[in-house]
Every structure is written in C-alpha cells, then in structure tokens.
Amino acid sequence: MPELPEAETIVRGIRAAVSGRRIEGVEVLHRDVLAVTPARLRKGLAGQRIEGAGRRAKNVLLDMDDGSVVWINLGMTGGVMSLPRPPHTSAARVRYGPIATHPTVVFLLGGGTDLVFNDSRRFGTIEHLDASASRARSRTFGPEPLTDEFTPAGLWRGLRASRAPVRSWLLDQRKLAGVGNIYANEALFLAGIHPARRARTVRRHEAEALHSSLRSVLTAAVQAGGTTIRDYRNAQGGEGAYVRELRVYGQEGSHCIKCSSIVQRLVFGNRSAFLCPTCQPRRAVARRTRRPGLT
DNA sequence: AGTGTATCCTGCAGGC
DNA sequence: TGCCTGCAGGATACAC
C-alpha cells in the first residue's frame with residue numbers, strides 16, 4: 001500500500017505532534033510486527049524524547065534523543081496516526097474508533113496523545129536501531145528520487161546494468177528508494193516504456209523521460225497527500241486524493257488518456273502491471289529480433 | 001542473475 | 001444471506 005508519497009504524507013502529519021515529546025510507554029497489541037521483544041522495545045524507548053520524524057524510502061522514522069531511530073515499515077496496510085488517548089481503556093483492548101481499526105503498537109506520548117501504528121494485515125514491522133545500525137540500514141536503500149542524488153545519468157547507468165524487467169528494477173528498493181507498484185506503473189506510462197521491457201534496453205532519452213516522470217508523479221502524489229485505493233489513511237485518518245489522477249493503475253479496460261487504446265493488465269513478478277499497448281510498445285523485443293548477432 | 005513461487009495476514013468484492 | 005475464490009500500495013526466502 002504505502003509508497004513514498006504515502007509515507008511522506010504520514011511523516012508530515014505526525015511531525016508536529018511528536019517532536020519534542022517523551023515516550024511514556026509502549027503498548028504492544030500484536031507482537032508479531034516487532035523485530036524485538038516488547039520488553040526490550042519498552043526498555044529502549046522509555047523516557048526517550050522524540051527529536052523529530054523523518055522518512056527513508058517507504059519507512060517512517062522517529063529520531064530519538066540518544067541518536068537511535070525507530071524504523072516503521074508500513075507494509076501493505078500499515079499507517080501511523082496521531083490520535084487522542086481514548087478514555088477508560090486498558091492495554092488489552094484499546095479502541096480508537098473507526099479511524100484506527102487495527103491498532104497494533106501504540107506509543108504513549110502523554111498529554112492525551114497517542115501515536116498509533118495501525119495495520120490490519122500486519123505485514124508492517126517496527127524496529128529500534130541504534131545510530132550506527134540505523135545508518136547502516138539507510139545505506140541498503142538506493143537514492144531518494146526527489147533529491148539531487150537521483151539523476152538521469154545515474155538512472156540510465158543503473159538500468160543498463162540489469163537484465164530484469166524495468167518495473168522490477170524500479171520496485172527494487174536497493175536500486176531506487178520508495179517507488180512501489182502504483183507509481184512505477186504511472187511513471188512508466190508517462191515515459192512511454194513498457195513495464196516488462198528489460199531494463200538494459202532502455203535508451204538514454206527514455207531514461208531521461210523516466211527520471212522526469214518519476215519526479216513529476218511522486219511530487220504530484222505528495223502534494224495530493226498520497227493515493228487511497230482502499231486502506232491508506234494519513235496521520236489524521238484522511239484519504240489521499242491522488243487516486244483521482246491515476247492514469248493506468250487499476251484502469252484495466254478503460255481508454256488510454258493519450259490515445260484511447262484499451263488499458264491492459266498483465267501479471268509478472270507476482271504483481272499486476274497496467275499499461276497502454278500503443279503508448280508503451282515492446283520496442284526492444286522487435287529490435288532484437290531484427291538485429292541478429294548483436295548479443 | 002533473474003524469476004516464479006510461497007509466505008506472512010486480513011478484508012473486501014464478485015460470482016454463484 | 002452465505003460460501004468460495006481471487007485480489008491487494010510490501011518484503012523476503014527459496015528452488016531452479
């Protein structure tokens with residue numbers, strides 16, 4: 001579910017509520033999302049002050065005053081919300097009403113405010129890493145696409161080194177941080193590149209177009225507060241408006257906005273890809289068969 | 001190296 | 001109404 005724009009929207013939505021607050025307690029309702037025992041998490045966080053909130057790839061980060069960092073991976077259905085503490089509740093049965101339907105881990109910030117990790121499927125994870133381990137984790141991700149470290153030339157070099165389908169390359173967090181299935185499909189449509197094309201067949205001008213479309217799609221999605229298909233909610237429980245701007249994702253059978261062809265869905269890498277067969281031809285395959293001996 | 005498959009888990013939509 | 005199947009914004013481990 002949540003990709004870079006959704007995680008970014010969540011971070012912006014909780015930043016004011018968490019910055020400078022102390023963690024008074026941690027309630028664990030489902031320990032299977034934790035990489036450590038609840039006792040150890042509590043011990044590591046008790047009394048710590050939250051310096052601020054940030055994001056790396058699709059992860060929401062809470063920076064602690066001792067330099068350690070809480071890494072929240074949102075998985076498919078995870079969300080972080082800043083909510084008023086419900087009255088008369090016990091740890092075993094915390095109810096936040098219809099906004100947080102599946103509270104999983106709750107950080108008690110005092111002053112009547114709870115920071116709730118809500119995750120119905122519980123594919124999300126929470127880890128507490130010391131400063132060194134956090135930096136090491138951060139290094140496992142590729143460049144952030146909305147920063148200067150992401151360049152057309154760098155994208156082209158990366159694509160040229162891979163035989164994987166270009167969409168698979170975009171989804172690989174080690175190559176590029178924060179892009180998931182929705183925005184990969186949208187950016188490939190805008191750049192006119194078939195999602196199943198081998199990354200190495202993408203030409204320089206196409207890589208430049210893809211760099212530009214990734215930037216514009218992700219920027220617009222952040223501005224729209226993300227995409228709500230079904231589960232995603234921001235830190236206040238609201239929906240993301242970018243769903244209204246999707247051009248191909250989930251649009252199987254409708255007309256392409258550029259050429260009126262019928263948008264297709266195909267499955268590879270265990271996930272759906274959406275594309276316009278006219279605007280996103282599999283050119284590389286045709287070229288290869290016509291130029292034998294060039295392998 | 002790449003890829004197909006399975007796994008974690010829950011909810012919802014659609015067909016019958 | 002109920003039962004069944006398929007599908008879902010992610011990430012990883014495994015066998016080819």
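Bear in mind the structure is a predicted one, so any value in this text is a computation, not a measurement. The sequence lines fix the lettering, A, B, ..., with proteins before strands; numbering per chain opens at 1.
Rounding to whole angstrom units, CG of residue A:Asn181 and P of C:dA8 are separated by 8 Å. One interatomic measurement links the two molecules: CZ of A:Arg230 to P of C:dG6, which rounds to 16 Å at whole-angstrom precision. Following rounding to the nearest Å, A:Trp169 (CH2) and B:dA1 (P) show an atom-to-atom distance of 16 Å. Atom-to-atom, CE of A:Met76 to C1' of B:dG11 comes out at 12 Å; the value is rounded to the nearest Å. As a whole-Å value, the separation of A:Phe274 CZ from C:dC7 C1' is 10 Å. The CZ-P distance, from A:Arg233 to C:dA8, rounds to 19 Å in whole Å. Nucleotide B:dT10 holds its P atom 23 Å from the OH atom of A:Tyr232, rounded to whole Å. Between A:Gln251 atom CD and C:dA8 atom P there is a gap of 14 Å when expressed in whole angstrom units.
Comparing A:Ala161 and A:His30 by the nucleotide of DNA chain B that holds the closest heavy atom to each, the one mapping nearer the 5' end is A:Ala161.
Every side chain to side chain contact (heavy atoms under 4.5 Å, CB included) that A:Pro38 has, sequence neighbours left out, goes to A:Val28, A:Arg31, A:Leu34, A:Arg42. A search for side chain to side chain contact (heavy atoms under 4.5 Å, CB included) contacts involving A:Lys258 returns A:Phe189, A:Cys256, A:Cys279, not counting sequence neighbours. Under the side chain to side chain contact (heavy atoms under 4.5 Å, CB included) criterion, A:Ser260 pairs with A:His255, not counting sequence neighbours. Annotation: side chain to side chain contact (heavy atoms under 4.5 Å, CB included) contacts of A:Ala161 (sequence neighbours excluded): none. Looking at residues two or more places apart in sequence or on another chain, you find no side chain to side chain donor-acceptor pair (under 3.5 Å) involving A:Ser213. For A:Glu149, the salt bridge (charged side-chain N to carboxylate O under 4.0 Å, His left out) criterion is met by no residue, not counting sequence neighbours.
Grouping the Ile, Leu, Val, Met, Phe, Trp and Tyr side chains by contacts below 4.5 angstrom, directly or via other members, places A:Val69 apart from A:Val36.
Remark: A:Ser272 is in phosphate contact with C:dA8, judged by side-chain N or O atoms under 4.0 Å from OP1 or OP2.
Contact annotation for A:Thr125: no contact, since no heavy-atom pair falls under 4.0 Å across all strands. Across all strands shown, A:Tyr249 has heavy atoms under 4.0 Å from sugar-phosphate atoms exclusively, and none from any base.
One P atom belongs to B:dC9, the other to C:dG2, and the distance between them is 26 Å to the nearest Å. A gap of 25 Å separates the C1' atoms of B:dC8 and C:dC3, to the nearest Å.
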With the sugar-phosphate defined as primed atoms, P, OP1 and OP2, and the base as all remaining atoms, what B/S/- string results for nucleotides 3-9 of chain B, 5' to 3', for protein heavy atoms under 4.0 Å?
SSBB-BB
Expected output check: what is the dot-bracket annotation of DNA chain C, where ( ) and [ ] are pairs inside the strand (brackets for crossing ones), | is paired with another strand, and pairs are Watson-Crick or G-U under 3.5 Å?
.|||||||.|||||||
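Residue pairs that meet the salt bridge (charged side-chain N to carboxylate O under 4.0 Å, His left out) test with at least one member in residues 106-116 of chain A, sequence neighbours left out, are A:Arg85-A:Asp114.
Below 30°, between 30° and 60°, or above 60°: for A:Tyr242 and A:Tyr183 the angle between ring planes is between 30° and 60°, a tilted geometry.
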